[in-house]
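Just below is one structure, and these are the notes that go with it.
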Number of protein chains: 2
Amino acid sequence: MTARSTNTGEGSGAHDPHRDIPEATVARLPVYLRALTSLAERSIASCSSEELATAAGVNSAKLRKDLSYLGSYGTRGVGYDVDYLSYQIAREIGVTHDWPVIIVGIGNLGQALANFSGFSSRGFRTVALLDAATQMQGQEVAGLEVRPFADLARIVAAEQVSIGVISVPATAAQDVADAIVAAGITSILNFAPAVLSVPPGVDVRKVDLSIELQILAYHESRKAAESAEAAATVDNGSGEGITA
Amino acid sequence: MTARSTNTGEGSGAHDPHRDIPEATVARLPVYLRALTSLAERSIASCSSEELATAAGVNSAKLRKDLSYLGSYGTRGVGYDVDYLSYQIAREIGVTHDWPVIIVGIGNLGQALANFSGFSSRGFRTVALLDAATQMQGQEVAGLEVRPFADLARIVAAEQVSIGVISVPATAAQDVADAIVAAGITSILNFAPAVLSVPPGVDVRKVDLSIELQILAYHESRKAAESAEAAATVDNGSGEGITA
DNA sequence: CGGAGTTTGTGACCGCGAGAACAAACTCGC
DNA sequence: GCGAGTTTGTTCTCGCGGTCACAAACTCCG
């Protein structure tokens with residue numbers, strides 16, 4: 001908004017320093033970052049867009065276009081410097097510093113999330129586990145003590161938490177969402193199979209395991225129907241004399 | 001293919017019996033199904049597209065368009081019959097019968113998935129848990145004994161399993177994928193942060209927890225930058241908005 | 001120093017999907 | 001039976017996103 005023409009200060013070679021990155025591109029940047037990390041671990045210092053694209057499982061043209069939104073961080077005729085590009089992507093995403101995260105709902109899934117190493121290794125630090133059930137409180141999970149839900153506001157304020165993970169049953173999800181938004185959370189990762197309504201300015205991303213399976217089931221059904229139909233078509237020639 | 005005009009037998013009013021449903025619609029059908037189930041539990045027998053749309057968290061026009069791909073299952077001036085529509089969607093997705101599922105990798109996440117009630121309640125039946133680690137084998141998780149990886153082919157064949165869940169570390173994911181595809185699995189839900197390459201005809205859906213968090217982090221960064229900018233514009237002279 | 005080869009960055013095009021608006025069809029009341 | 005009101009199903013339009021293709025720019029080698 002509000003076309004500020006005063007972009008003189010920023011010395012980087014970016015287009016207009018981080019403005020207007022398409023949502024689809026944002027969703028792929030972490031994939032690129034992971035692919036780059038994997039290359040770096042194999043001591044590969046530089047790579048072409050083609051190599052990086054196959055490592056990330058996307059089209060090379062798409063990758064180049066995505067990266068061009070961040071700026072011109074490649075060298076024509078050469079490729080991309082792995083470390084430099086990694087840093088630029090990390091900076092754009094905002095994972096150069098750690099993000100404190102709270103997890104609400106320490107059931108099976110919540111415990112698995114708390115123990116999940118992929119969170120902490122990617123710039124996310126779980127600062128608190130909360131659960132309403134008194135028998136969970138005080139127990140230690142993944143090196144953290146489970147706290148009562150009443151501590152929510154204090155923890156969020158003290159640790160400057162802006163990201164919360166909801167892994168409670170669907171019936172409690174909306175109440176939890178309301179509470180953590182009131183406490184100051186502005187981004188929610190929701191594992192509960194429920195539609196959350198939140199005030200504007202709060203982002204919600206939903207991960208729904210059973211929906212993913214149902215989508216797979218749909219495609220499986222079609223595969224089965226298709227192969228059955230193909231079989232019928234083949235049979236049709238040998239068994240039946242007349243085609244409609 | 002092969003325009004079979006003999007759709008006389010089927011009494012339903014579907015367009016052309018299940019052909020060409022857009023992928024975006026397929027991804028929303030499970031959401032509608034869940035919303036309908038929720039309505040049914042509250043003994044609501046019929047609903048308008050507007051009501052169902054808000055329950056599912058989508059636009060009502062989009063919902064009507066989505067449902068129109070399945071056929072004309074509503075009544076103009078009245079709305080949709082909850083039970084009837086539920087059945088039609090379930091039939092389209094293919095969850096009128098149960099799907100056997102195997103879970104490979106019984107770590108923290110795998111155990112949480114095995115215990116997840118949302119799977120079994122939505123037409124999915126976990127028939128086997130597999131793990132390569134010998135110390136896991138024989139242990140009981142969610143009422144199922146953890147089996148060695150060598151049993152894979154026999155179980156898949158015996159139970160006619162076509163859907164597999166991968167919850168192993170990233171380094172092992174591709175090997176596991178190759179193995180379960182070889183055993184006959186044609187749909188994979190992958191929780192490992194790795195790009196899987198599978199032969200054509202095999203569907204893969206990926207759920208990546210740390211990517212979801214990184215997407216949230218990106219938006220948080222922008223929010224922070226934006227509010228800092230707004231503060232700078234308003235204050236402009238008073239002082240500092242945020243400490244670096 | 002110049003040409004050949006290579007790789008990035010971007011412009012053009014196309015198709016899917018979202019949303020608004022409207023016609024078709026059903027119910028209710030008289 | 002018929003008009004008014006309501007709700008579905010569909011058409012139209014617009015914008016985002018994916019892909020192709022090519023110009024710009026860099027390196028290497030003679």
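What's counted below: heavy atoms across the whole structure, side chains too, no hydrogens, waters or symmetry copies. Below, chain A is the first sequence line, B the second, and so on; all start at residue 1. The model shown is predicted, which means the values in this text are computed figures rather than measured ones.
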Worked check of side-chain contact (heavy atoms from CB on, under 4.5 Å) between V31(B) and D208(A): CA-CA 10 Å; V31(B) 181; D208(A) 195 315; over 6 Å; no
Going by atom types alone, do Y218(A) and R222(A) pair a side-chain donor with an acceptor below 3.5 Å? yes
For D20(B) and dT10(D), give me the distance from atom CG to atom P, rounded to whole Å. 15 Å
To the nearest Å, give me how far apart CG (L67(B)) and P (dT7(D)) are. 16 Å
Apply side-chain contact (heavy atoms from CB on, under 4.5 Å) to the pair I163(B) and L189(B), showing each step before the final yes or no. CA-CA 8 Å; I163(B) 299 178; L189(B) 183 54; 5.7 Å; no
Taking only the side-chain nitrogens and oxygens of S49(B), find out if one of them lies under 4.0 Å from OP1 or OP2 of dT7(D). no
Are Y80(A) and dC26(D) close enough that a side-chain N or O sits under 4.0 Å from OP1 or OP2? no
Please state how far atom CG in D66(A) lies from atom C1' in dG9(C), giving the value in whole angstrom units. 13 Å
Any side-chain to backbone donor/acceptor pair from S187(B) onto V202(B)? Under 3.5 Å, distance only. no
Could a donor-acceptor pair under 3.5 angstrom be found where the side chain of K65(B) meets the base of dG9(D)? no
One character per nucleotide, please: for nucleotides 25-30 of chain C, 5' to 3', B when the base has a protein heavy atom closer than 4.0 Å, S when only the sugar-phosphate does, - otherwise. BBS---
Please report the interatomic distance CD1(I188(A)) to CD1(I180(A)), rounded to the nearest 0.5 Å. 4.0 Å
Both A24(A) and S48(B) contact DNA chain D. Taking the nearest nucleotide for each, which residue is further toward the 5' end? S48(B)
Under the side chain to side chain donor-acceptor pair (under 3.5 Å) test, which residues partner E23(B), sequence neighbours left out? H219(A)
Phosphate contact (dC20(D) OP1 or OP2) by N59(A) side-chain N/O below 4.0 Å: yes
Return no unless some side-chain N or O of R64(A) is found under 4.0 Å from OP1 or OP2 of dA21(D). no
Have a look at E50(A) and say if it touches a base, only the backbone sugar-phosphate, or nothing, with a 4.0 Å heavy-atom cut-off. nothing
